[in-house]
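Some notes on the structure that comes next.
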Amino acid sequence: MARRLALRVLQAAAVCAVVATSVFVLLQFAPGDPFATALDGADVPPTVRAEWRARYGFDLPPGERFVRWTGALVQGELGYSASLHRPVAAVVADAVPRTLLLIGTALVVGFAAGVWIALVQTRHHRRWQDHLLGALTLAGVALPEFLLALLAMTWLGARWRIFPVAGIGSLGDAAAWPLWERFIDLLWHLALPAAVLALAVASRVARHQRAALLGVMREDYIRTARAKGLGEWDVLRRHALPNAIGPVIALLGLALPSLVGGAVLIERIFGWPGMGLTLFDALLARDYPLVLAVVLLATLVAIVARTLTDVIADLVAPRRAPER
């Protein structure tokens, strides 16, 4: 296990290096620079503009700029955000916890819901419950997330006013509320964006988990468990699920990069101030140091999460011998 973890760390470092280099090179072909956009229309003398560009290395050749950026990155320096007038590290430190909260909630809720749906489908295999849930999960996989987000905003937010449609907290005196009221308010605002992401996760998990469960339900130890008089739910929960859930957890790791990518769009639609919204605004402002930092961190989050899911899949999926 230790050797495998060491290999995973080396692979993660190599992938991060490749992604960072690729994004840096691609951004060199983009027009303009952060200060040209941030100071557009401002009454700033050309000498001051030139001084700021020189201070942060935007007047250097691309190769020298890359060496300077890499050296600063090794020392933990992420640069300066010209559009937000703050160090990039401070901007990222504010955005990362919100994105992790959104993705983590969607992942946990979606995984639990998907496994439960698969258990119900397997329990009622080839009955109307199986067909109905199968059609719903197919729709959850096929429908794009932006369409689900717009439907949720229209019906659950604008028409029925059950959930807020944007933001991370209520306006007004929310900052003076007790801690538990602010927590409830945060969950209230989190509900819609997390539900949209969780629906896609649950649909994919349910379809793969159902197939895995049906595969192990033909094993000899399942027949042995039934012969001992266990109910069908006990057979599914105690014998089939532990042996069928490992590949689904590993599959969840493969789906994480797309979940991170989906979070970029969902954060923009719901105005959730996480890494996705920060990346979107940084691209519009040509704030390249901030773009590089967000892309690099998103890659790191996806790789770490995938490594963890692989380890968890190995731990929770032992091959059980039939009970005697």
Side-chain angles (χ1 to χ4, degrees), residues 102-157 159-160 162-163 187 190-219 221-223 225-226 230-259 261-263 265-266 269-270 305 309 312-313 316-317 320:
L102 176 62
I103 293 177
T105 303
L107 201 61
V108 172
V109 173
F111 180 74
V115 170
W116 180 81
I117 291 172
L119 287 172
V120 173
Q121 286 186 275
T122 307
R123 173 67 180 84
H124 302 284
H125 184 46
R126 293 183 178 176
R127 298 178 186 172
W128 69 268
Q129 297 96 330
D130 184 21
H131 297 308
L132 175 61
L133 292 174
L136 291 176
T137 55
L138 180 60
V141 172
L143 289 175
E145 290 174 342
F146 77 88
L147 181 59
L148 294 174
L150 294 178
L151 290 174
M153 291 178 70
T154 301
W155 290 97
L156 299 177
R159 294 201 176 187
W160 296 338
I162 299 176
F163 298 104
L187 294 182
L190 177 65
L192 278 189
V196 171
L197 286 176
L199 184 61
V201 175
S203 300
R204 292 183 175 90
V205 168
R207 298 187 70 80
H208 287 89
Q209 186 66 82
R210 175 183 177 274
L213 283 171
L214 291 177
V216 301
M217 290 298 283
R218 292 188 289 268
E219 297 288 340
Y221 59 86
I222 296 296
R223 285 192 286 270
R226 284 172 174 159
L230 290 178
E232 195 66 15
W233 275 113
D234 287 332
V235 172
L236 278 169
R237 183 174 54 84
R238 295 172 54 185
H239 296 275
L241 184 60
N243 288 291
I245 201 169
V248 179
I249 294 177
L251 180 71
L252 208 59
L254 295 175
L256 276 170
S258 62
L259 182 62
L265 182 62
I266 295 302
I269 293 175
F270 287 98
T309 54
I312 294 173
V316 303
R320 287 190 169 185

Rounded to the nearest 0.5 Å, how far does [atom2] of [Y] lie from [atom1] of [X]?
X	Y	atom1	atom2	value
Leu156	Leu151	CG	CG	9.5 Å
Ser203	Ile117	OG	CD1	6.5 Å
Arg126	Leu214	CZ	CG	8.5 Å
Leu230	Leu236	CG	CG	11.0 Å
Glu232	Ile222	CD	CD1	8.5 Å
Arg204	Leu199	CZ	CG	9.5 Å

Report yes or no: does [X] contribute a side-chain atom to a donor-acceptor pair with the main-chain N or O of [Y] at less than 3.5 Å?
X	Y	answer
Arg207	Ala118	no
Gln209	Ala244	yes
His125	Gln121	no

Check: Angle class for the Trp233/His124 ring planes (parallel below 30°, perpendicular above 60°, tilted otherwise)?
Finding: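 Geometry flag for His124 against Trp233: perpendicular rings.
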A side-chain contact here means heavy atoms from C-beta on lying under 4.5 Å apart; do [X] and [Y] qualify?
X	Y	value
Leu197	Val201	no
Val196	Phe270	yes
Arg237	Leu119	no
Val115	Val205	yes

How far apart are the closest heavy atoms of [X] and [Y], and which atoms are they?
X	Y	value
Thr105	Ala194	CG2-CB, 4.0 Å
Glu145	Ile266	O-CD1, 4.1 Å
Ala225	Val235	CB-CG2, 4.2 Å

Next item on the list: Please step through side chain to side chain contact (heavy atoms under 4.5 Å, CB included) for the pair Phe111 and Val248, ending with a clear verdict.
Entry: CA-CA 9 Å; Phe111 180 74; Val248 179; 4.3 Å; yes
Note to self: side chain to side chain contact (heavy atoms under 4.5 Å, CB included), that's the test. Do Asp234 and His239 meet it? Break it down for me.
What the structure shows: CA-CA 8 Å; Asp234 287 332; His239 296 275; over 6 Å; no
Margin query: Between Arg210 and Asp130, does any side-chain N to carboxylate O distance fall below 4.0 Å?
Written below: yes
Next item on the list: Begin from the C-alpha positions of Met217 and Arg223 and carry the test side chain to side chain contact (heavy atoms under 4.5 Å, CB included) through to its verdict.
Entry: CA-CA 8 Å; Met217 290 298 283; Arg223 285 192 286 270; over 6 Å; no
Notebook entry, point to check: Within 45° of the axis and under 6.0 Å from the centre of the six-membered ring of Trp155, does NZ or CZ of Arg159 qualify?
Noted result: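 Yes - Arg159 lies over the ring of Trp155, closer than 6.0 Å to its centre and within 45° of its axis.
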